[in-house]
Amino acid sequence: MSITSPSASTTGHADPTARPHPSPRSIILRALEPSDADLLYDVENDEAAWPSSDNIAPYSRHALREYALTHEADPFAAGQLRLVAQVGDTQPGGTSAEQNHHRAVGLLDFYDISAIHSHAWIGIYVLPDMRGEGYGHDMLLRSLDYARRHLGLTSVGARILEGNDPSMRLFRKCGFELRGTLPCWRFADGEMRDMHLLTRRL
């Protein structure tokens with residue numbers, strides 16, 4: 001079973017804001033764990049994100065737990081990589097518990113990864129209660145660094161559904177350029193809508 005896909009990347013739910021943060025923080029990307037089943041359940045069953053995906057029916061917790069247990073860890077063998085984005089307080093001098101506490105803020109997907117062509121598509125999903133705080137911007141910048149330093153990619157692309165202005169602003173702000181539009185490409189909310197294609201060199 002492959003849950004992570006071009007559809008699951010949910011580019012359409014990025015957070016476009018980047019307001020100053022009350023305390024220093026850094027985005028940490030980590031692998032999926034079986035304990036993330038509830039997180040995956042909330043993301044995959046968010047019907048508001050389905051127009052940016054191929055999801056048309058809910059997933060069960062059991063299916064998502066099995067996915068977290070058995071998914072291919074090698075991104076080049078699988079052609080995809082799903083990571084959990086976490087944020088933690090980076091201020092020195094905190095207690096051990098405070099320093100070790102990290103909270104998930106969303107998911108990051110690389111998909112259609114090509115080792116030959118050194119590129120991939122990218123999508124981010126910011127959890128609803130974490131939006132409006134600039135996490136989408138932080139996650140996207142962190143993902144670009146990860147793609148360059150750890151995956152050895154030289155370019156990445158994003159697919160953004162027509163009308164998703166917040167995501168378009170976010171990706172353009174982070175250096176993505178509009179390369180073309182696929183007219184009437186995806187059925188969403190009862191109508192066919194265009195899909196915009198953006199890319200960025202790393």
Side chains of [X] and [Y]: closer than 4.5 Å at any heavy-atom pair?
{"X": "Arg193", "Y": "Arg186", "result": "no"}
{"X": "Leu39", "Y": "Leu64", "result": "no"}
{"X": "Arg169", "Y": "Asp165", "result": "yes"}
{"X": "His196", "Y": "Leu161", "result": "no"}
{"X": "Arg179", "Y": "Leu198", "result": "no"}
{"X": "Tyr135", "Y": "Val87", "result": "yes"}
{"X": "Tyr111", "Y": "Arg159", "result": "yes"}
{"X": "Cys174", "Y": "His137", "result": "yes"}

Which heavy atom of [X] sits nearest a heavy atom of [Y], and at what distance?
{"X": "Glu33", "Y": "Ala68", "result": "O-CB, 3.6 Å"}
{"X": "Leu202", "Y": "Leu153", "result": "CD1-O, 3.5 Å"}
{"X": "Pro34", "Y": "Leu69", "result": "CG-CD2, 3.3 Å"}
{"X": "Ile113", "Y": "Phe110", "result": "CD1-CB, 3.7 Å"}
{"X": "Ala115", "Y": "Phe76", "result": "CB-CD2, 3.5 Å"}
{"X": "Met130", "Y": "Ala104", "result": "CG-O, 4.3 Å"}

Answer yes or no: is there a donor N or O on one side and an acceptor on the other, between the side chain of [X] and the main chain of [Y], under 3.5 Å?
{"X": "Asn45", "Y": "Tyr59", "result": "yes"}
{"X": "His150", "Y": "Ala147", "result": "no"}
{"X": "Asp194", "Y": "Glu162", "result": "no"}
{"X": "Arg30", "Y": "Gln86", "result": "no"}

Atom pair [atom1]/[atom2] of [X] and [Y] - distance to nearest 0.5 Å:
{"X": "Leu140", "Y": "Leu108", "atom1": "CG", "atom2": "CG", "value": "8.5 Å"}
{"X": "Leu32", "Y": "Arg65", "atom1": "CG", "atom2": "CZ", "value": "13.0 Å"}
{"X": "Glu47", "Y": "Asp189", "atom1": "CD", "atom2": "CG", "value": "10.5 Å"}
{"X": "Thr154", "Y": "His117", "atom1": "OG1", "atom2": "NE2", "value": "11.0 Å"}
{"X": "Thr181", "Y": "Leu197", "atom1": "OG1", "atom2": "CG", "value": "7.0 Å"}
{"X": "Ile27", "Y": "Leu83", "atom1": "CD1", "atom2": "CG", "value": "12.0 Å"}

Item checked: Candidate pair Leu170 and Ile124, rule side-chain contact (heavy atoms from CB on, under 4.5 Å), full reasoning -> CA-CA 11 Å; Leu170 171 63; Ile124 61 176; 3.9 Å; yes
Check: According to a 4.5 Å side-chain heavy-atom criterion applied to Ile, Leu, Val, Met, Phe, Trp and Tyr, with indirect links allowed, do Val126 and Ile28 form part of one hydrophobic cluster?
Finding: no
Notebook entry, point to check: Please walk me through it: do Met195 and Ile160 pass side-chain contact (heavy atoms from CB on, under 4.5 Å)?
Noted result: CA-CA 6 Å; Met195 181 70 76; Ile160 300 180; 5.5 Å; no
Next item on the list: Step by step, work out the side-chain contact (heavy atoms from CB on, under 4.5 Å) result for Asp42 and Leu127.
Entry: CA-CA 9 Å; Asp42 291 339; Leu127 296 174; 5.6 Å; no
Between [Y] and [X], is the closest basic N to carboxylate O distance under 4.0 Å?
{"X": "Arg82", "Y": "Asp36", "answer": "no"}
{"X": "Arg131", "Y": "Glu133", "answer": "no"}
{"X": "Arg103", "Y": "Asp129", "answer": "yes"}

Notebook entry, point to check: Can you tell me if Tyr125 and Asp109 form a side-chain donor-acceptor pair at under 3.5 Å?
Noted result: no
Next item on the list: Please check if any side-chain donor atom of Ser114 sits under 3.5 Å from a side-chain acceptor atom of His119, or the reverse.
Entry: no
Notebook entry, point to check: How are the rings of Phe171 and Phe176 set relative to one another: parallel (under 30°), tilted (30 to 60°) or perpendicular (over 60°)?
Noted result: perpendicular
Next item on the list: List the steps, then state whether side-chain contact (heavy atoms from CB on, under 4.5 Å) holds for Val156 with Trp121.
Entry: CA-CA 5 Å; Val156 290; Trp121 296 95; over 6 Å; no
